[in-house]
Enquirer: 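Below: one structure in structure tokens.
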Amino acid sequence: MNEVALVGAGVSKFGVRKATYRDLIWEAGKACFDSTPGVRPGDVEGLVVGSVMPERTAFQSHIASLAAEALGIRPSALSARTEHMCASGTVGIRYAYAFIAAGLADLVMVLGVEKLNQPSGDEAILNMGTGVDREWEAAFGLTAPPCFALAAQRHMAAYGTSEEQLALVGVKNHTHATKNPNAHFTRGATLDQVLCSRMISTPLRLYMCSPITDGAAAVLLASGERARALTDRPVWIRGTGQALDGFQLTSLHEDYAHWPALRRAAGAAYRMAGVGPADVDLAEVHDCFAIAELIAYEELGFCKKGEAGPFVAAGRSDYGGDVVVNPRGGLIGCGHPLGATGVAQAAEVFVQLRGEAGARQVPDAALGLTHNNSGMGEHVVMLYGREA
Amino acid sequence: MNEVALVGAGVSKFGVRKATYRDLIWEAGKACFDSTPGVRPGDVEGLVVGSVMPERTAFQSHIASLAAEALGIRPSALSARTEHMCASGTVGIRYAYAFIAAGLADLVMVLGVEKLNQPSGDEAILNMGTGVDREWEAAFGLTAPPCFALAAQRHMAAYGTSEEQLALVGVKNHTHATKNPNAHFTRGATLDQVLCSRMISTPLRLYMCSPITDGAAAVLLASGERARALTDRPVWIRGTGQALDGFQLTSLHEDYAHWPALRRAAGAAYRMAGVGPADVDLAEVHDCFAIAELIAYEELGFCKKGEAGPFVAAGRSDYGGDVVVNPRGGLIGCGHPLGATGVAQAAEVFVQLRGEAGARQVPDAALGLTHNNSGMGEHVVMLYGREA
Amino acid sequence: MSYFRAIDPFPLESAEQTKLHEFYRHLGEGRLVTTRCAGCGATAWPPRGFCPACVSDRFEWVDLAREGTVHAFTVQETGLPAGFEAPRVFAIVKVDGHRVFTILTGADPGAVRVGQRVALAPLRVADDPTGHPRWLPAFRVASP
Amino acid sequence: MSYFRAIDPFPLESAEQTKLHEFYRHLGEGRLVTTRCAGCGATAWPPRGFCPACVSDRFEWVDLAREGTVHAFTVQETGLPAGFEAPRVFAIVKVDGHRVFTILTGADPGAVRVGQRVALAPLRVADDPTGHPRWLPAFRVASP
Ligand SMILES: [Zn+2]
Ligand SMILES: [Zn+2]
């Protein structure tokens, strides 16, 4: 299997954007090419685009070809759009990764893009119901918040996790986002603000939830040889794992605070990389809701089962702690443009492992992890290292 | 790079179906497992689903996870949905192929599914406009037929291709479909019927066009070692190529009867397999419209540029000719449930190369090709062989 | 030119539209049924037309109890999709050993408790575009 | 509960919605403009906010001719999406060396020929949901 590395990365401004899908693709694509002066659009052999619902919000499918045209890429090896709800971007990275690892391509761009705030705000929420089972779940009006609320209820009941501990995830990530000019929110949040924000689904309050965000992100993946020719600081893909327990809520572990699929996905990635949770310097975890970040600490092995509340309260997931979680602000602070999220996480790991993260730099970051869920029973983990 | 083979395949009945996405997934999934008694859902390590517009027709995204749940597959290595308009299924096969070739998985199902005839017939046509550029093309009411009509106009003007030669593609494929009980149309068509069918977009008439079809198909891909353990007749992936010239009509070759991207995609696949067009016994080409099959003969190298009309008229693309094109009936006879099409083509090659195609068996078929376009400038080619 | 189409959030439930239509017909009559595999006898929830255990697609319909207990719940107060009213009690209800996802209707959201008994209360929603009536398997707090 | 939403087949053209809004404003005034890259001077069709040649995202608007010639065409007689009337003449028109995809309005479909001269005839379509007027770059057969 060939080595594979990130050699470039760029993100658009995230937020409620006055922009089309194409505008966002241009913005992230340009940022990515600007990070890699040795690569022009004509050099790129393949393009994979992670995107969930252009069919609904822009009445547009076939978004990979649209993006190739917009960026002037003429794929000669690989062209695809990937969708796996909130994990779509990382699933796209894995497509490009496998192609390069198998020796089928040498230089592939992966771009994630979503324009959710369109055509109208309340249609945007309705559209989010496409992520759960239409017939048995979405028909009742289910979207993501009540799903994760079930996990939060259970985590509080079983382990004594407090509303304040949930809120501290929101505080941390909103605070991190103040150092990220591309974040959706850049004003930070205090504990009081989070605890007094309006209730979405008990016990999850507004500032414990990721917003509905537009944005795009892009990374360039290269084979080992090409990567070394393009940069003296490639960021290597060291491991990956994906696992599913099930799709419907009623197929998952009976205890909604247990996410065995995440444990399996992380285990596969750690084994492949030959590392363990203690080796991780920074982790971009999928804090679609504060409870997801807490359970991720546990299933990723950063702390024991049930101890995530005290872990965040002690600052162990912040600068100066065991592992810096979500330095760019996470989904809560940066926003969550579905297809773009996994790619933006990879872009963050890229700048962190190269020491280019500026005010939010994690000191001496050598190993970075990204995690996405697309439901409590569906997880994907990537490990990136400064060394091959 | 590891060897990769098909070890199982199955298709649903194609047509205007009284069925949900899930019903179609069950039908194709069962047919595929029935073809591979050594594999049960619990053995499958990954699932890739090709599907274009469940977001529009069933208000459902996240269709890969829905399919995994429906079939009782718990992915431990790989889960993804792929979309590339009419090429979505084959793009899914390439995802699974790369994963296995890189050594990241050993047994992966690829399923394609589309329920287009929903919620209403005229919305189905409107939805097809999502395949072209919304802003610069679909806004005018453009869907696929006028695009391919431009190619047909040009082919007729440049090479003297006749309306009758176009019609003979329809006759051949409708006739082939009479031997395929899963085809959308099974009554055949005469030359008169095709030439007298109603005009869709000059010069393409109804029977020269693929219909709007519901259906699903599934194949199982395995690594070489696993494949040999599961069957004594694996069908090997020998080569693959994908290439794009552009997305918008105005970015393609000025002569719409020239499809250089198909020539490049085919060239890559032939080189990888170490074969040439003369070695191909059967070809499942993307006859979304009759003109596409004619131009495919030329760009795939079955005949010289401009000679496709006489080629079909002489029976050289039928049983007893140079190469049997579209033995299952093609998109024109079988129908074109977008995401399912590429997978159904692979399923046909699977039964043909194993000698299990019954009344439509291509004698002594050893090398099979599949081709999809998702626009005149976007092509993907696969080569499958009886021998590794 | 501008025109409108329904964005229909409900399933298509008729025999013209789904293999599982009998489920909905029974639900409209006040019965909660599900599938039992004709191959291996496994009972599933939700109903299914394919059995992963024995790869059979033959099944028969069997009745489930019309009562169950709350296994987990949450009350959504804001951010519901257009057309769905808050507060809304989403719940997982245990019925004959199966977990059933549902909403609890007619409940005081502040009084719902894990372990509480609830009863099937089929919810009639908008007819489908062909005029076919549609039902969802909702529950309500059981009378004491 | 059942309700309706627009399925809007037209682009969002206002400054609130797209970086290319000036194109549409000019079109409404009868001008066909496109982008010229501020980095390398390349003129594109359709307009673009990013130049693949020099990776610049700065551009200025330049006028194109209001006449062109038919490079290719077809007449769609049936199977048009709901809301679009048949017969419909889809065409590629050459304007200042660029190929422009469009429809020909007011033409006798049987009389259209490759090489024929056509003139810009901006087509007003439905306003967007905020009431902003919208235009598409259609052409008509030029007067002799
Ligand atoms: Zn069974
Ligand atoms: Zn330039």
Side-chain angles (χ1 to χ4, degrees), chain B residues 8 10 12-13 16-44 47 55-60 66-74 109 111 115 117-127 139-141 214 216 218 220, chain C residues 1-25 34-59 80-84 98-101 125-132 134 136:
Chain B
S12 79
K13 169 69 182 168
V16 179
R17 296 292 312 275
K18 298 178 179 178
T20 62
Y21 269 88
R22 190 157 14 222
D23 293 341
L24 296 170
I25 289 164
W26 281 330
E27 203 174 316
K30 175 171 171 54
C32 185
F33 284 117
D34 284 348
S35 79
T36 321
V39 177
R40 300 293 84 179
D43 303 323
V44 178
L47 177 63
E55 286 82 2
R56 294 217 68 82
T57 59
F59 206 3
Q60 177 75 67
L66 183 152
E69 174 106 29
L71 296 175
I73 292 170
R74 282 214 322 176
M109 177 175 278
L111 187 143
K115 171 65 185 164
N117 290 285
Q118 194 172 283
S120 73
D122 56 350
E123 188 163 340
I125 292 179
L126 190 68
N127 283 338
F140 288 105
D214 312 322
L220 270 164
Chain C
M1 191 216 75
S2 183
Y3 54 91
F4 291 77
R5 294 279 170 187
I7 291 181
D8 181 353
F10 304 120
L12 297 172
E13 301 186 352
S14 78
E16 299 297 300
Q17 296 159 330
T18 172
K19 184 172 176 176
L20 299 179
H21 56 94
E22 292 284 331
F23 169 80
Y24 294 104
R25 187 176 61 78
T34 194
T35 50
R36 180 160 60 200
C37 174
C40 70
T43 302
W45 180 267
R48 47 191 311 143
F50 170 79
C51 175
C54 76
V55 193
S56 165
D57 60 357
R58 293 172 302 113
F59 58 84
L80 279 148
F84 295 88
H98 298 286
R99 274 179 288 161
V100 175
F101 176 76
V125 294
D127 292 353
D128 80 10
T130 70
H132 189 85
R134 292 192 288 189
L136 298 180

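The structure displayed is predicted, hence computed values, not measured ones. In what follows, every chain begins at residue 1, and chains take the letters A, B, ... in the order their sequences are listed.
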Enquirer: For B/Lys18, I'd like to know if atom NZ has over 12 heavy atoms of other residues, nucleotides or ligands within 6.0 Å.
Expert: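 At most 12 heavy atoms, drawn from other residues, nucleotides or ligands, come within 6.0 Å of this atom.
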
Enquirer: Any donor-acceptor pair under 3.5 Å linking the side chain of B/Lys30 with the backbone of C/Val55?
Expert: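 Checked: pair present.
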
Enquirer: Would you give the length of the straight line joining atom CG of B/Leu24 to atom NZ of C/Lys19, rounded to the nearest 0.5 angstrom?
Expert: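 Interatomic distance, B/Leu24 CG to C/Lys19 NZ, rounded to 0.5 Å: 10.0 Å.
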
Enquirer: Is it the backbone or the side chain of C/Ser56 that comes under 4.5 Å from a heavy atom of chain B, or both, or neither?
Expert: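 Only the backbone of C/Ser56 comes within 4.5 Å of chain B.
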
Enquirer: State, yes or no, whether a side-chain contact exists between B/Leu71 and C/Phe50 at a heavy-atom distance under 4.5 Å.
Expert: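 The answer is yes; the side chains approach within 4.5 Å.
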
Enquirer: Search all heavy atoms of B/Trp26 against all heavy atoms of C/Pro47 and return the closest pair with its distance.
Expert: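 Looking at all heavy atoms of both residues, the shortest contact is CH2-O, 4.3 Å.
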
Enquirer: What is the minimum heavy-atom distance between C/Thr18 and B/Thr20, and which atoms define it?
Expert: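 Answer, listing the atom of C/Thr18 first, then B/Thr20: CB-CG2, 3.6 Å.
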
Enquirer: Below 4.5 Å from any heavy atom of chain B, which atoms of C/Glu16 appear? Answer side chain, backbone, both or neither.
Expert: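 Interface part for C/Glu16: both.
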
